[in-house]
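Beneath this line is the structure, given in structure tokens, with notes to follow.
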Amino acid sequence: MAFESLTERLNKAFKNISGQGRLTEKNMDDMLREVRLALLEADVNYRIVKDFLTRVKEKAVGQEVYTSLNPSQMVVKIVHDELVTLLGEKEVPLNFKKSGMTVVMMVGLQGTGKTTSAGKIVSLLKRKYGRRPMLIAADVIRPAAIEQLQTLGRQLDTEVFTLGTETPALEAVRQGLEHAAQIGADTVLIDTAGRLHIDEELMEELAQIKELARPDDILLTVDAMTGQDIVNVAQAFHQRLDVTGLVVTKLDGDSRGGGVLSVRSITQVPVKFVGLGEKMEDLDVFYPDRMADRILGMGDIMTLVEQAQEKMDLEKSEKSARRMMEGQFTLVDMLEQLEQVQKLGSLGSIMKLIPGLNQFASQMDDEKTTRQMNRSKAIILSMTREEREDPSILRASRKRRIAAGSGTSVQEVNALINQFEKTRQMMKQMARMQKGGKMNMNALMGAKRGMNVPLNPRRRKW
């Protein structure tokens, strides 16, 4: 994941001033030297680093430490606030028309994930906003791009308008917009052609499409792996097309992430979306404050809550949680919990969003964990309903049958049952504590329907 090394270096820098009662020139200089190295190693633009550190120092030096804070916490707050400013302060949504059809033009160099990003945005529009999108295939140079877009369209149950590679892109866009109006689409995404490098022919074609389509948004896809070149590409496209937003792809890769930190300040073009994986749902709105939280190792509870509300069956989760808190926990509940957790993604990606656990995310072997969860599910699914409700009836012959049916061993079946029994005992203890008034069920569940989540990440106390 991008920013991992930056997070480690920043946390190390903050530790250097912990335990000191006041922020001084000397301890600030020592800490800022480490922060400077961390940002430069992350490939952040040198001028941006210089201005960033100047602002941090101006705010920090000489400030008295509040009663509830120590110097490292004070500096973390100041650095956090400056990171949010650097990243754009607040999220910038798509410019949806209040009435009529919204047109979004996708531009970018070849290989940056432009066509895939168009599909991901369609998925997001349908999933989060209930829109009725349509795609226009305007990359007539590369036949594979049209085929890829059509494949994505079938996967997303979204119409893709194309006239093939023989018709000029401008005519394809003109007829595509007319067709979108006829079928009642409220959002149209135009997938334009890309090149391996910026050239005049490409820019002229894009300028003509812009003039014809009059898009409400022009989104430029940039690859996080390209580092500082993000800035150069964004500047070139922005000067010619007035780009309204960036879609940063491959942010889940091994990029250092510095380009993302630099591009907003230099180009004044906001990052609107970030791609965090290969699946269609692995794209989300870019929230500067949440990204700053992640960079500083604070996790991202808001995103985790939203993902849970979006991907999990909340009714099932609430029912299962209620049963667990009442001390009624069976293998049926265990199976449901495994399935719900898997909907959120890998355990490593979940841990990255949880404060305190994100530092251990890199130690997770996601492939091994996924295999183990699948084997556990297979074992439970090989049981009868009666056996899932009451595992105490499982004798040697039943266990051999379950092992054979799930492709596992009797030892693995025994291990799962032992794990289940330990979990059930823990749930019974929690249920007794809850009945005794020591725990609040609503605080534990914190679910969407009528239950308040006790933590508001946007109003974090430092």
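FYI, side chains are in, hydrogens and waters are out, and symmetry mates aren't considered; it's all heavy atoms of this structure.
- Counting heavy atoms from C-beta outward, H179 and I136 have side chains that stay 4.5 Å or more apart.
- There is a side-chain donor-acceptor pair under 3.5 Å between E204 and Q208.
- In this structure, L219 CG and F273 CZ are separated by 6.5 Å, a value rounded to the nearest 0.5 Å.
- A 6.0 Å sphere centred on OH of Y46 holds no more than 12 heavy atoms belonging to other residues, nucleotides or ligands.
- Using a 4.0 Å cut-off between charged side-chain N and carboxylate O, K128 and D284 make a salt bridge.
- A donor-acceptor pair under 3.5 Å links the side-chain atoms of K272 to the main chain of P93, judged by distance alone.
- Taking every heavy atom of both residues into account, I230 and V222 meet most closely at CG2-CG2, 4.0 Å.
- In terms of modelled atom types and a separation under 3.5 Å, the side chain of T85 and the main chain of D81 share a donor-acceptor contact.
- The closest side-chain heavy-atom distance from F96 to D216 is not below 4.5 Å.
- Annotation for P288 and L87: closest pair O-CD1, 3.6 Å, computed over non-hydrogen atoms.
- Atom CG of D217 and atom CE of M106 lie 10.0 Å apart (nearest 0.5 Å).
- Interatomic distance, S265 OG to D51 CG, rounded to the nearest 0.5 Å: 8.5 Å.
- In terms of heavy-atom proximity, E91 sits nearest to F286 at CB-O, 3.3 Å.
- D199 pairs by the salt bridge (charged side-chain N to carboxylate O under 4.0 Å, His left out) definition with R195, not counting sequence neighbours.
- Taking CG from L189 and OG from S117, the interatomic distance works out to 10.5 Å, rounded to the nearest 0.5 Å.
- Contact of the D139 side chain with the I146 side chain is not registered, since no non-hydrogen atoms from C-beta on lie closer than 4.5 Å.
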Applying side chain to side chain contact (heavy atoms under 4.5 Å, CB included), run through V285 and Y287 and close with a yes or a no.
CA-CA 6 Å; V285 175; Y287 295 94; 3.9 Å; yes
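- Taking the charged nitrogens against the carboxylate oxygens, R240 and E200 do have a contact shorter than 4.0 Å, which makes a salt bridge.
- The structure places CD of Q235 at 13.0 Å from CZ of F237, a figure rounded to the nearest 0.5 Å.
- The residues K114 and D191 are annotated as salt-bridged, a charged nitrogen and a carboxylate oxygen being separated by less than 4.0 angstrom.
- Contact check for L94 versus T102: no side-chain heavy atoms found under the 4.5 Å cut-off.
- A138 and A169 get closest at one heavy-atom pair: O-CB, 3.3 Å.
- Using modelled atom types, one finds no donor on one side chain facing an acceptor on the other under 3.5 Å when comparing T221 with T249.
- Residue V35 comes nearest to L53 through the heavy atom pair CG1-CD2, 3.6 Å, listed as atom of the first residue, atom of the second, then distance.
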I would like to know whether L152 and M280 meet side chain to side chain contact (heavy atoms under 4.5 Å, CB included); could you show each step before the answer?
CA-CA 9 Å; L152 293 175; M280 283 295 101; 3.7 Å; yes
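- Between Q110 and H197, the side chains place no donor N or O within less than 3.5 Å of an acceptor N or O (distance only, hydrogens not considered).
- The closest side-chain donor-acceptor pair between T192 and E205, if any, does not fall under 3.5 angstrom.
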Show, in sequence, the C-alpha distance, side-chain angles and deciding distance for V140 and T167, and conclude whether the side chain to side chain contact (heavy atoms under 4.5 Å, CB included) test is met.
CA-CA 7 Å; V140 299; T167 305; 5.9 Å; no
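- A heavy-atom distance below 4.5 Å is found between the side chains of I266 and N45.
- Legend: residues meeting side-chain hydrogen bond (donor to acceptor under 3.5 Å, both in side chains) with K50, ordered by chain and number and at least two apart, are absent.
- For the pair K210 and D242, the minimum side-chain heavy-atom distance is below 4.5 Å.
- For D186, the salt bridge (charged side-chain N to carboxylate O under 4.0 Å, His left out) partners two or more places apart in sequence, or in a different chain, are R131, R132.
- Put simply, the side chain of T151 gets close to the backbone of E147: a donor and an acceptor are under 3.5 Å apart.
- A side-chain donor from one of R264 and Q268 sits under 3.5 Å from a side-chain acceptor of the other.
- Atom CD1 of I209 sits about 10.5 Å away from atom CD1 of I218, to the nearest 0.5 Å.
- Between F161 and Q175, the closest side-chain pair of non-hydrogen atoms falls below 4.5 Å.
- Using a 4.5 Å heavy-atom cutoff, the side chains of V271 and V263 are in contact.
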Please report the C-alpha distance between V269 and T244 in whole Å, then the side-chain angles of each, then the deciding distance to 0.1 Å, and finally whether the side chain to side chain contact (heavy atoms under 4.5 Å, CB included) criterion is met.
CA-CA 6 Å; V269 177; T244 61; over 6 Å; no
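- For CD of E201, the number of neighbouring non-hydrogen atoms (other residues, nucleotides, ligands) closer than 6.0 Å is 12 at most.
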Could you go through Q419 and S376, starting from their C-alpha distance and side-chain angles, then the distance that decides it, and tell me whether this counts as side chain to side chain donor-acceptor pair (under 3.5 Å)?
CA-CA 10 Å; Q419 179 189 348; S376 297; 5.0 Å; no
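- For the pair G108 and L220, the tightest heavy-atom approach, listed with the atom from each and the gap, is CA-CD1, 3.6 Å.
- In this structure, K126 contributes its side chain and L156 its backbone to a donor-acceptor pair below 3.5 Å.
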Are K90 and D289 close enough, and set up right, to give a salt bridge (Lys or Arg N to Asp or Glu O under 4.0 Å), and what steps lead you there?
CA-CA 7 Å; K90 61 181 181 179; D289 55 342; over 6 Å; no
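- Residue-environment remark: CG (D157) stays at or below the threshold of 12 foreign heavy atoms within 6.0 Å.
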